[in-house]
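So the structure is just underneath, and the comments pick up after that.
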There are 2 protein chains.
Amino acid sequence: MQSVEVDAENIIRIITPALDQSRHKGQAGKIAVIGGCREYTGAPYFAAISALKIGADLSHVFCTKDAAPVIKSYSPELIVHPVLEESYSVREEDKKIIASKVLGEVDKWLERFDCLVVGPGLGRDPFLLDCVSEIIRHARKSNIPIVIDGDGLFLVTNHLELVSGYALAVLTPNVNEYKRLVQKVLSSEVNNDDATQQVLSLAKQIGGVTILRKGKSDLISDGDTVKSVSIYGSPRRCGGQGDILSGSVAVFLSWARQHIEAADLDSNPAVIGSIAGSAMMRKAASLAFSNKKRSTVTGDIIECLGKSLEDICPAGSCSL
Amino acid sequence: MQSVEVDAENIIRIITPALDQSRHKGQAGKIAVIGGCREYTGAPYFAAISALKIGADLSHVFCTKDAAPVIKSYSPELIVHPVLEESYSVREEDKKIIASKVLGEVDKWLERFDCLVVGPGLGRDPFLLDCVSEIIRHARKSNIPIVIDGDGLFLVTNHLELVSGYALAVLTPNVNEYKRLVQKVLSSEVNNDDATQQVLSLAKQIGGVTILRKGKSDLISDGDTVKSVSIYGSPRRCGGQGDILSGSVAVFLSWARQHIEAADLDSNPAVIGSIAGSAMMRKAASLAFSNKKRSTVTGDIIECLGKSLEDICPAGSCSL
């Protein structure tokens, strides 16, 4: 079975909203990243700032109390909520009340978001992951799209019911995360000879969630169809690139959803958003690599998001 | 006795891995710096970020709880683990249990690293140094190369058994650190008339560790041979340059080891990595000085690492 290489640049042009003086704050997207703990702070920052640099209007981070001051210090552009808790700071007898407090804090905001990114720098603390499971359930009830990466994938691989059958979920596994997902869901090993068929089966088996399998070519399937994005890219494999991708998919998914609703189309915004996000990330990585070569780090790629989007879809032509 | 000036640029070209779209995260090197305490935070940052800028995929720092938020805030590119403890925060009766907890936290990660850098900004707290001694023992058991600088040299000079006979250890002493090492190991004073013979004797006496003696020319010996690197350099002596060197040696040592294993060669990766790391640092310092003159600081040199490597070994020729 062959995947179909798509014209991702054209998709980006179609779904990117026109800029217009009459629009107001928030209409170009409000994204929230659920991630950031005592150990990890870079990943949620990368995801959240990437969303802004692509053109979202607001980008929030929900993280633990320890992580918040550090993430805030990376950039004043982000709104950082220090609301998550890890086991070490919670007594056993307080867990129930603390969990409901965490949920309450997130719920206050949840309905406003156009997309969540769950997982960058989340860590694997059991109490924290329990709270995040509940956040996923609430988001799903409100039909908010969710992009799941990193430790979020660790969580849903072990609790497939969290996303199973939810068409607005995108999973973005790398080599190792994909392997665990295939083992868990298909009870088999990764098959690179028929990668297309396998990613299709995987997406179908999880009830039509969208899988974005990262690799030399990115493969994207919702169980109905498989698309590939092979353009551009960089041979640097510095940590953090997956975080840019998750933030990028979140923005394009919410734009795709707006576009599909407005134009009354019959397309899957999760697939469209994944294609656009993948192409955006690859183009920016390619541009950064052409400047910085081996020295390229994730921040360099983020700095190239704007120019990459402008090359594909010039804002200059928008009505002012 | 004369040392042999080596063609360090050629060595860099030989060991630097080709970039390739099919590679995945981690294959170009995973480095960890053990350092950073209440007093010092710049040094471990310089070492860790230098590793990334030369081309490692992942760079971690293991430091004390006080140092972590600061080091994290310097850059979201690093993964910073707040796991070390200093005496002031540990009660006498808890020391044993805290030490084993610290070790446990580091052990979770240890096997994944291609090289450790022990010492930048470590400080000299006795309890912390006891824990770091144990980390060195564990790393050695797992055959993980270790570059030792700064306060790490203070530690091993007083506990030579930690590194004695370990061929994958590199010590990078400056003038004062070298003096103490010579006094302790050879029970003599530094002899600049026959520096080559003395560094050879020193390396041999510590059982074949590699010594990188920093100076006008860097002298490198594993007790078998003595090489010198004299190219480039900068007359600026701002603090922090030794930290760049230690991070640089760590990356090249792990690349040299990969190359030597793949090509089935009979070379010492610790010597090869030291030569390459020394040349890399000198070239970047020279370039930074030509731009910034007396105003050159360590961060300026780090910004020149990428271009310096690109001049020697263009990434453009890699297969895309």
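By convention in this document, chain letters (A, B, ...) are assigned in the order of the sequence lines, proteins followed by strands, and residues within each chain are numbered from 1. Just so you know, these numbers come straight off a predicted model, no measurement behind them.
With a threshold of 4.5 angstrom between heavy atoms, B:Pro82 approaches chain A through side-chain atoms but not through N, CA, C or O. Residue B:Lys307: no heavy atom, backbone or side chain, is found under 4.5 Å from chain A. Proximity to chain B is limited to the side chain of A:Val70, based on heavy atoms less than 4.5 angstrom apart. When heavy atoms are compared at a cutoff of 4.5 Å, B:Leu309 approaches chain A solely by way of its side chain, counted from C-beta outward. Contacts between B:Ser59 and chain A at a heavy-atom distance below 4.5 Å are absent for every atom of the residue. Contact annotation for A:Thr298: both backbone and side-chain heavy atoms come within less than 4.5 Å of a heavy atom of chain B. Neither the backbone nor the side chain of B:Ala68 comes within less than 4.5 Å of any heavy atom in chain A.
In this structure, A:Tyr74 contributes its side chain and B:Tyr74 its backbone to no donor-acceptor pair below 3.5 Å. For B:Glu77 (side chain) and A:Val297 (main-chain N/O), no donor-acceptor pair under 3.5 Å exists by modelled atom type.
Minimum heavy-atom separation, B:Ser73 to A:Ser73: CB-OG, 3.4 Å.
The residue among A:Lys292, A:Arg237, A:Lys214 with the most heavy atom pairs within less than 4.5 Å of chain B is A:Arg237.
Considering only heavy atoms from C-beta on, B:Ile54 stays 4.5 Å or farther from A:Arg294 through its side chain.
Within residues 28-46 of chain B, no residue approaches chain A closer than 4.5 Å by heavy atoms.
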